[in-house]
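Right, one structure below, let's go through it.
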Amino acid sequence: MSQMKVGIIRIGETNEDLVNRVQENLTTSLPQTTAAQIAEALPLPQQAYDEEREQYHSNTILNIIRTEAEKIKSFDAILGIVDVDIFARPLSFVFGQAENPGKAALISLWRLNPEFYGKKANMELFVERSTKEAVHEIGHTLGLQHCSNPFCVMYFSNSIFETDRKQSLFCNKCYLKIENSQATKDEDVEQPS
Ligand code: ZN
Ligand code: ZN
């Protein structure tokens, strides 16, 4: 399987320690992966803000990440991290969104922070949740769909309970799918064009 390079881009204000920890964790949770941060953070796009809902449209932010991914060609996937509440109709909120398959992925820290639920600050739990959602969205960029195994990172979680229940790793079935799709890509490279 070929090496995968993930670029992390911060959008707006984000907890630096948390982003660093997620970066580290991506290299262990995703097979054969390196992760690097893009130095410059992007400003939060005001056009993504929905005043009535007081939330940001995740589609609009994902489009901005896609544009960045087209500019910065050295990464296989770009993960944007925001710390604002995001939504995508018909869902009232989402933890993240990604192209499937593609290069652009997005997670929101907003509802992953234990403090959002009135709990006391817990960095370890915050990092763990953020890692799971980051791996999940990057899994989508690799072409993975949602998995019915509630412990697999590709399980769709629309509540923090489901995020906490699942692991930050792919189940065997999902792992094999990645391996196979990477193998096909490698073969493609070897084909004379
Ligand atoms: Zn998903
Ligand atoms: Zn799975």
Side-chain angles (χ1 to χ4, degrees), residues 1 4 6-9 11 14 18-19 22-23 25-33 35 48 53 55-66 68-69 75-113 116-117 125-185:
M1 173 172 173
M4 168 161 175
V6 177
I8 297 173
I9 191 156
I11 305 167
T14 46
L18 184 117
V19 174
V22 169
Q23 180 194 348
N25 285 353
L26 283 183
T27 63
T28 47
S29 300
L30 287 158
Q32 303 264 9
T33 296
R53 301 180 64 123
Q55 287 176 306
Y56 286 77
H57 287 269
S58 66
N59 273 315
T60 312
I61 304 177
L62 195 66
N63 281 334
I64 290 167
I65 299 167
R66 185 183 298 120
E68 289 300 307
F75 294 110
D76 301 301
I78 298 223
L79 172 72
I81 303 184
V82 295
D83 195 4
V84 290
D85 203 13
I86 58 173
F87 78 103
R89 290 196 179 90
L91 302 170
S92 60
F93 76 90
V94 288
F95 291 123
Q97 200 186 339
E99 294 183 287
N100 185 350
K103 282 191 165 187
L106 167 67
I107 61 161
S108 160
L109 306 177
W110 192 254
R111 290 171 189 260
L112 301 175
N113 190 339
F116 175 82
Y117 303 92
L125 183 57
F126 195 8
V127 168
E128 198 181 297
R129 288 171 171 175
S130 307
T131 301
K132 289 173 186 176
E133 293 307 326
V135 173
H136 179 99
E137 299 308 338
I138 294 167
H140 281 318
T141 68
L142 295 169
L144 288 182
Q145 306 295 331
H146 287 145
C147 180
S148 58
N149 178 341
F151 304 105
C152 173
V153 75
M154 291 314 296
Y155 189 82
F156 170 68
S157 56
N158 196 35
S159 76
I160 203 65
F161 166 77
E162 289 158 322
T163 303
D164 286 341
R165 183 176 55 185
K166 70 186 179 184
Q167 311 289 308
S168 60
L169 300 169
F170 300 103
C171 72
N172 282 339
K173 218 173 75 189
C174 290
Y175 188 87
L176 281 174
K177 276 187 205 159
I178 301 180
E179 291 255 285
N180 289 338
S181 74
Q182 291 284 352
T184 329
K185 263 192 215 162

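Values below: all heavy atoms of this structure, side chains included; hydrogens, waters and symmetry mates excluded. Counting starts at 1 for both ligands and their atoms, in listed order.
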(request) Indicate the atoms forming the closest heavy-atom contact of Ser92 with Gln55, along with that distance. (result) O-NE2, 2.8 Å
(request) Report the residue from Val135, Leu144, Leu30 that forms a side-chain contact (heavy atoms from CB on, under 4.5 Å) with Val153. (result) Val135
(request) Quick one: do Asp83 and Asn113 satisfy side chain to side chain contact (heavy atoms under 4.5 Å, CB included)? Show the steps, please. (result) CA-CA 10 Å; Asp83 195 4; Asn113 190 339; 5.7 Å; no
(message) Tell me whether Lys132 is salt-bridged to Glu128, with the criterion being a basic N under 4.0 Å from an acidic carboxylate O.
(response) yes
(request) Output, by chain and residue number, all protein N/O/S atoms separated from the Zn ion (ligand 2) by less than 2.8 Å. (result) Cys147 SG, Cys152 SG, Cys171 SG, Cys174 SG
(message) Please tell me whether Ser157 and Glu133 have a donor and an acceptor in their side chains that are separated by less than 3.5 angstrom.
(response) yes
(request) State, to the nearest 10 degrees, the angle whose vertex is the Zn ion (ligand 1) and whose arms point to NE2 of His146 and NE2 of His140. (result) 100°
(request) Kindly state each residue pair satisfying ring-ring contact (aromatic ring centres under 6.0 Å, His included) with at least one member in residues 147-171, sequence neighbours excluded. (result) His146-Phe156
